[in-house]
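The sequence lines fix the lettering, A, B, ..., with proteins before strands; numbering per chain opens at 1. Since the model is a prediction, treat every value here as computed from it, not as a measurement.
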Amino acid sequence: MSWISEIKHELHRQLGQVVEGLKASGQLDFSELPSYIIEVPREKSHGDFASNIAMLLTKEAKMPPRKIAEMIVNAFDKENKLVDTLEIAGPGFINFRLEPTWLAKGLAALLAEGDAYGNSNTGKGEKIQVEFVSANPTGELHMGNARGAAIGDTLASLLDAAGYEVEREFYINDAGNQIEKFGLSLEARYLELLGEEVEFPEDGYHGEDITRTMEALIAEVGDKYKDTESGLRRELLTRYALEKKIADIRKTLAAFGVHYDVWFSEQTLHDSGAVAKAVEELNEKGYLFEEEGALWFKSSLFGTEKDEVLVRSNGIPTYYAADIAYHKNKFQRGFQEVINIWGADHHGHVARLKGGMAALGYDPDRLQVILMQLVRLFQSGEIMRMSKRAGTYVTLEELMEDVGVDAARFFFVMRSADSQMDFDLDLAKSQTADNPVFYVQYAHARICSILQQGHENGITLDNMGQADLSLLKEASEQDLIRKMLDLPEEIAYAAVHREPHRIAVYVLDLAGLFHTFYTNCRVLGVDAPLMAARLRLCQATASCIAKCLKLLGVSAPTHM
RNA sequence: GCGCCUGUAGCUCAGUGGAUAGAGCACCGGCCUCCGGAGCCGGGUGCGCAGGUUCAACUCCUGUCAGGCGUACCA
């Protein structure tokens, strides 16, 4: 348990004891303890910790909150080792000021944990899966995929740090309608490149990457498939192109710092009969019916707006049917919870999929979908529509070239998935130095520079001996320590609530507090004991910043 | 029409039912004999609107207005 949690826990316990004591002695009347909190007040002048317990008791006890607070404060143990002073403030808050060395003790505990600082056992080893990006292998990765990659990867890292057993998964949509179209498009480009007159399929994929893929094939085998029967030819071209595309996607994501544990093929669900089996299972439970030649699932029984087709009249199962089988498979693999990161344009699918899971007997809450609002791309003041078919989109590759991995990842994770984001390419290209990621990285580099210079002058953390951290009494030093002591709870909160953007916001704040400290307090050259304490403070800060940046998939440079 | 997401400072966005709602950008002033000025400090009449719940609402509920996205035998 983290230092802050320990203290909160202890104060919570002590408060509860005092209030129960007041009840026992007949001074306070209530049925049971309300769910009061111990929090760190936003305003520093309100003490180190504060509780709202008096306000919550007001109604039952039939007394004004400040009066109740007064009774509690008076009944509090004056010989308390932890609490220095208590005061009543505002509408009835009880503010705690702790004994002055509590921050130093927290900092010492932080340093003792080293790289593990920030981790917790919040997830209790629960097996959890994050499936993200899962882009169609028919094209290149675009901005939406990039946002999904940054959010999904950071969330997975957070869950890992918070004590979950995490797996990252990419679902390869290598079956279904769009693969058919893909094949038709490939075939058209192939023949075109061989000089044939062909009509390009109307709703085919127009992306240049398709042409390039076929150029590569021709370089390898020439016109080998020119006279092959069309069906077989499409199959061969598709197989070739899929392999190439998936390899490209894997490579691009790796360059973006994303590495998966599992690449799961949709086709294998069809081949193994898992899709047919899932459909059959729903049928046995009596949830299917036939209409106009198609097989429907009464998904409306499970909360969808209307019923849905599972098997089309041409006998081919829908994406929905495959997805039900896929998520059943996930649960069969032992994941307690599975998280999907989807674009908001898929939100209609959430209720359907949850309904499917419920029909199969799984608690639908074990499937969580994070919908990210779509990314709007601005260039030259104009909104760019991203369309794979028209081939007009900025790819993740291009983005990485333009703004770099660090800036791109930080930028995407910085805002909540719920909010739409405008990505101004011109701004990102021309003013990269304004990007907040540099602000954070700069703080890290500055600290490394201080430690380095100390080292060059023979002052190292090792030969300084035991530092007296209670010498860190400046406001900017204490603010920095307080912020760092929040990290474990911050990570746990972000993981549990699936809000990776909080870490970006947190580390920006932390870097800001360091810059303030740096301006106010010299490290090198002050009295040896103080220098030792400040070097430790620097070391801890660098470690916390690096920890956050690692979670975000951003590098922590030692110099810039 | 119905469903989901979003309306917070000029702009882009944070904000876990609590006390005086924050940051970055932009704009205007300061701050380098000294650890990296890619930095620091100061400058603000802002929670779409209306009800409700609560001791307490940016936060929860209802309604309403505005924007985005869905509402296929596509995925």
Side-chain angles (χ1 to χ4, degrees), chain A residues 37 39 41-43 45-46 50-52 54-59 64-65 89-93 95 134 136 138 173 176-179 181 203 266 291-296 304-306 308-320 322-323 343-351 371-374 376 414-424 427 431-436 438-439 441-443 445-454 457 476 489-490 493 497 499 501-502 504-506 508-509 511-512 514-526 531 534 538 559-560:
Chain A
I37 56 167
E39 63 176 353
R42 184 156 30 85
E43 193 66 40
S45 62
H46 295 146
S51 180
N52 61 347
M55 273 124 48
L56 296 175
L57 284 166
T58 301
K59 203 160 205 177
F93 286 101
N95 294 340
S134 299
N136 273 333
T138 54
N173 297 118
N177 243 340
Q178 85 281 4
I179 293 297
K181 276 189 237 164
D203 52 355
E266 177 185 354
E291 198 176 288
E292 292 175 21
L295 199 53
W296 296 70
T304 68
E305 283 180 61
K306 52 185 180 44
E308 299 289 336
V309 170
L310 284 188
V311 182
R312 295 191 281 257
S313 51
N314 61 10
I316 297 173
T318 58
Y319 171 86
Y320 179 39
D323 229 15
D345 54 340
H346 286 62
H347 85 251
H349 195 51
V350 177
L371 291 173
M372 359 164 248
Q373 297 299 310
L374 300 181
R376 279 200 309 179
M414 213 169 80
R415 20 263 275 205
S416 139
D418 286 336
S419 68
Q420 281 183 47
M421 69 175 278
D422 293 343
F423 199 117
D424 187 329
L427 187 73
Q431 299 185 34
T432 48
D434 285 342
N435 195 304
F438 289 101
Y439 182 77
Q441 290 180 319
Y442 181 59
R446 253 185 165 176
I447 297 170
C448 292
S449 173
I450 293 172
L451 297 178
Q452 175 64 27
Q453 281 186 47
N457 291 306
S476 56
E489 289 197 333
E490 198 65 43
Y493 188 93
H497 290 82
E499 293 179 350
H501 73 278
R502 301 186 71 96
V505 173
Y506 171 87
L508 269 171
D509 286 348
F514 175 77
H515 287 307
T516 301
F517 157 75
Y518 177 89
T519 306
N520 292 342
C521 304
R522 265 199 79 83
V523 178
L524 299 176
V526 297
M531 177 162 59
R534 285 185 175 163
C538 286
H559 60 273
M560 297 172 69

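Checking rG3(B), rA19(B), rU16(B) against every side-chain atom of Tyr493(A), the shortest atom distance belongs to rU16(B). Among the nucleotides rA19(B), rC74(B), rG18(B), the one closest to any side-chain atom of Pro41(A) is rA19(B). Each of rG70(B), rA14(B), rC55(B) was ranked by its minimum atom distance to the side chain of His347(A); first place goes to rG70(B). Minimum atom distance to the side chain of Tyr439(A) is reached by rC40(B), of the listed rC69(B), rC40(B), rG68(B). Ranking rC73(B), rA14(B), rC5(B) by closeness to the Asp418(A) side chain, first place goes to rC5(B). Of the candidates rG15(B), rC74(B), rA38(B), the closest approach to any side-chain atom of Arg312(A) belongs to rC74(B). Each of rC35(B), rU16(B), rC69(B) was ranked by its minimum atom distance to the side chain of Arg502(A); first place goes to rU16(B). The nucleotide whose nearest atom lies closest to any side-chain atom of Leu374(A) is, among rU16(B), rC69(B), rC4(B), rC69(B).
Taking the P atoms as reference points, rG48(B) lies 10 Å from rC58(B), given to the whole Å.
For Ser419(A) and rA14(B), the shortest distance from a side-chain N or O to OP1 or OP2 is below 4.0 Å. OP1 or OP2 of rG37(B) lies within a sub-4.0 Å distance of a side-chain N or O belonging to Tyr518(A). Here Thr519(A) does not reach the OP1 or OP2 of rC31(B): none of its side-chain N or O atoms lies under 4.0 Å away.
The stacking criteria are not both satisfied for His346(A) over the base of rG70(B), which would need a centre-to-centre distance under 5.5 angstrom and an angle between ring planes under 30 degrees. Centre separation under 5.5 Å together with a plane angle under 30° does not hold for the ring of Tyr442(A) and the six-membered base ring of rG39(B), so they are not marked as stacked.
The aromatic rings of His349(A) and Tyr319(A) sit tilted relative to each other, their planes meeting at an angle between 30° and 60°. Between Phe514(A) and Tyr518(A), the angle of the ring planes lies from 30° to 60°, which puts this pair in the tilted group.
A donor and an acceptor atom never sit less than 3.5 Å apart when one is taken from the side chain of Asn52(A) and the other from the base of rA19(B).
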